[in-house]
Student: 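Here it is, the structure in full.
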Protein chains: 2
Amino acid sequence: MRERRSLPVVGQPQPERADAARNRQKIIEVAARMVTECGADNLSLDEVAREACVGVGTVYRRFGDRTGLLLALIDERERRFQAAFLSGPPPLGPGAPARERIVAFLHALVDRILADEALFLLLEKGGTAKRFTGPYRVHHIHLATLLARACPGADAAYLADALLAPVNAHLIARQREERGMTVEQIKSGLEALAEAVTRATS
Amino acid sequence: MRERRSLPVVGQPQPERADAARNRQKIIEVAARMVTECGADNLSLDEVAREACVGVGTVYRRFGDRTGLLLALIDERERRFQAAFLSGPPPLGPGAPARERIVAFLHALVDRILADEALFLLLEKGGTAKRFTGPYRVHHIHLATLLARACPGADAAYLADALLAPVNAHLIARQREERGMTVEQIKSGLEALAEAVTRATS
DNA sequence: AGATTAATCGGAGGACTCTCCGTTTACAAC
DNA sequence: GTTGTAAACGGAGAGTCCTCCGATTAATCT
């Protein structure tokens with residue numbers, strides 16, 4: 001047993017080996033292409049591996065499982081979205097009254113989900129574990145913070161879950177396809193909900 | 001080509017053949033037992049078929065797919081629940097003011113979901129198609145009717161979706177396990193939501 | 001350069017869902 | 001009984017997800 005070759009830098013996650021990084025990139029590219037080409041629910045990880053010229057094992061080591069790959073595909077747009085509500089211009093970002101920010105956030109979230117609809121549909125099929133692990137947690141914290149400010153005394157954490165629950169790819173898809181609702185109608189439904197909640201407890 | 005042997009009785013679905021009925025029953029029994037014994041997420045239809053001494057094809061012809069079997073397992077308790085809110089004693093059944101019935105319904109729905117928690121968790125993983133095909137549709141119609149009475153002028157159909165959305169096995173499981181909420185806390189969160197909605201638009 | 005070693009690779013294999021279709025069987029009519 | 005036929009049966013097989021582990025290789029040390 002010898003000493004470690006180099007001291008690990010705390011806080012800096014060990015950088016990936018060159019081949020690993022290359023493969024991660026290639027897998028993401030191939031998967032993204034296949035999703036836009038063939039629709040997302042037929043996305044087979046075996047096929048992704050084949051098209052990317054790597055073994056199946058490689059896909060799973062890099063991304064853990066199907067859900068992990070989905071989260072990676074969602075990542076880029078999601079970061080922009082998060083930047084927008086955390087530090088962008090009002091009313092989505094800081095600077096506007098909490099109540100307005102809540103409505104702006106819900107509207108933007110609808111658009112966000114529609115932009116990656118197929119991916120979110122797939123994501124929502126995964127087990128509880130990861131479904132609330134990715135973007136959801138961030139959205140929840142943000143909304144709960146705004147709600148705590150807009151309605152002091154209420155259970156902000158619960159209300160955040162309750163407002164987030166109807167903004168869900170499966171439900172929205174069904175409202176549009178089966179009940180013929182437009183995006184505007186959905187947004188104003190959410191707006192009414194948000195206003196009812198913030199008015200009731202202030 | 002000969003005439004049909006007997007005239008089909010309109011409205012009465014052709015009765016199942018004896019062997020078919022027997023197999024359906026046996027499959028349901030076996031599946032129910034396996035769920036209570038081994039937990040529900042490890043329920044393999046191959047294994048159900050083996051234990052029930054039928055071919056896999058039989059399971060799929062009887063129930064269509066995994067979700068179909070799940071719905072059949074849920075069915076008995078679900079019927080009792082529906083009878084309770086459609087024609088049972090108030091405040092859940094008819095006779096109480098709409099606003100009270102809404103709260104009573106949401107509370108009862110939480111209990112309903114917890115009673116068959118494992119089954120509902122599985123059910124929610126299925127695609128959009130069947131998830132909104134089974135109990136959901138009935139719950140939605142009922143709640144929308146009550147809402148239309150309690151808040152005339154509002155979009156009752158949308159509000160029903162919005163109130164139903166947070167009553168969802170995955171979310172409730174997470175609220176309890178990860179955030180340590182009690183069932184009572186969840187119920188009073190829902191109650192606050194329902195009151196905010198019905199107050200805002202009346 | 002050459003050696004060392006831990007990280008990475010890749011694909012065989014197990015378990016699962018669901019489909020297809022040739023074979024068997026329940027039921028009704030005679 | 002016998003017979004005809006629509007319905008039901010059952011299991012092989014295709015397509016998936018994911019795991020495991022021996023072979024390979026990138027990065028570092030001398």
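Naming convention: chains lettered A, B, ... in sequence-line order (proteins, then strands); numbering from 1 in each chain.
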Student: Rounded to the Å, how far apart are A:Arg62 CZ and D:dT19 P?
Tutor: 15 Å
Student: Look at A:Arg33 together with A:Glu51 and state whether they make a salt bridge at an N to O cut-off of under 4.0 Å.
Tutor: yes
Student: Let me know the distance between CD1 of B:Ile27 and C1' of D:dG10, rounded to the nearest Å.
Tutor: 12 Å
Student: Do the side chain of B:Arg17 and the base of D:dA7 come within less than 3.5 angstrom through a donor-acceptor pair of N or O atoms?
Tutor: yes
Student: Evaluate the criterion ring pair (Phe, Tyr, Trp, His ring centres under 6.0 Å) for residue pair A:Phe132 and A:His139; output intermediate values, then yes/no.
Tutor: CA-CA 10 Å; A:Phe132 295 111; A:His139 300 169; over 10 Å; no
Student: Quick check: on DNA chain C, is the nucleotide nearest B:Ala18 upstream (toward 5') of the one nearest B:Asp65, or the reverse? Name the residue that is more 5'.
Tutor: B:Asp65
Student: How many Å lie between CZ on A:Arg66 and P on D:dT19, as a whole number?
Tutor: 14 Å
Student: Could you tell me whether B:Leu69 contacts a base, only the sugar-phosphate backbone, or nothing, with contacts defined as non-hydrogen atoms closer than 4.0 Å?
Tutor: nothing
Student: According to a strict under-4.0 Å criterion, is B:Ser44 in side-chain N/O contact with OP1 or OP2 of C:dT17?
Tutor: yes
Student: I'd like to know if the side chain of A:Thr58 and the backbone of A:Val54 have a donor-acceptor N/O pair within less than 3.5 Å.
Tutor: no
Student: Taking only nitrogen or oxygen atoms into account, show me every contact under 3.5 Å that the protein makes with nucleotides 11-13 of chain C, one pair per line with its distance.
Tutor:
from   : atom 1 : to      : atom 2 : distance (Å)
C:dG11 : O6     : A:Gly57 : N      : 3.2

Student: A:Arg22 has an atom CZ; how far is it from atom C1' of D:dT25, in whole Å?
Tutor: 11 Å
Student: Whole Å only: how far is the CZ atom of A:Phe63 from the P atom of C:dG10?
Tutor: 14 Å
Student: Quick test of your reading of the model: are B:Asp161 and A:Arg179 salt-bridged, counting only N-O distances below 4.0 Å?
Tutor: yes
Student: Just the rounded figure in Å: distance from P of D:dG15 to CG of A:Leu43.
Tutor: 16 Å
Student: Expressed in angstrom and rounded to an integer, what is the separation of B:Lys125 atom NZ from D:dT16 atom C1'?
Tutor: 15 Å
Student: Round to a whole Å and report the spacing from OH of B:Tyr60 to P of C:dC16.
Tutor: 11 Å
Student: What's the verdict on side-chain contact (heavy atoms from CB on, under 4.5 Å) for A:Leu171 and B:Tyr136, showing C-alpha distance, side-chain angles and the deciding distance?
Tutor: CA-CA 11 Å; A:Leu171 181 58; B:Tyr136 191 94; 4.1 Å; yes
Student: Could you tell me whether B:Asp75 and B:Arg79 have a side-chain N and a carboxylate O separated by less than 4.0 Å?
Tutor: yes
Student: On DNA chain C, compare the nucleotides closest to B:Arg50 and B:Asp19; which residue's is nearer the 5' end?
Tutor: B:Arg50
Student: Quick test of your reading of the model: are B:Lys125 and B:Asp41 salt-bridged, counting only N-O distances below 4.0 Å?
Tutor: no
Student: Less than 4.0 angstrom between a side-chain N/O of B:Asn23 and OP1 or OP2 of D:dA8, yes or no?
Tutor: no
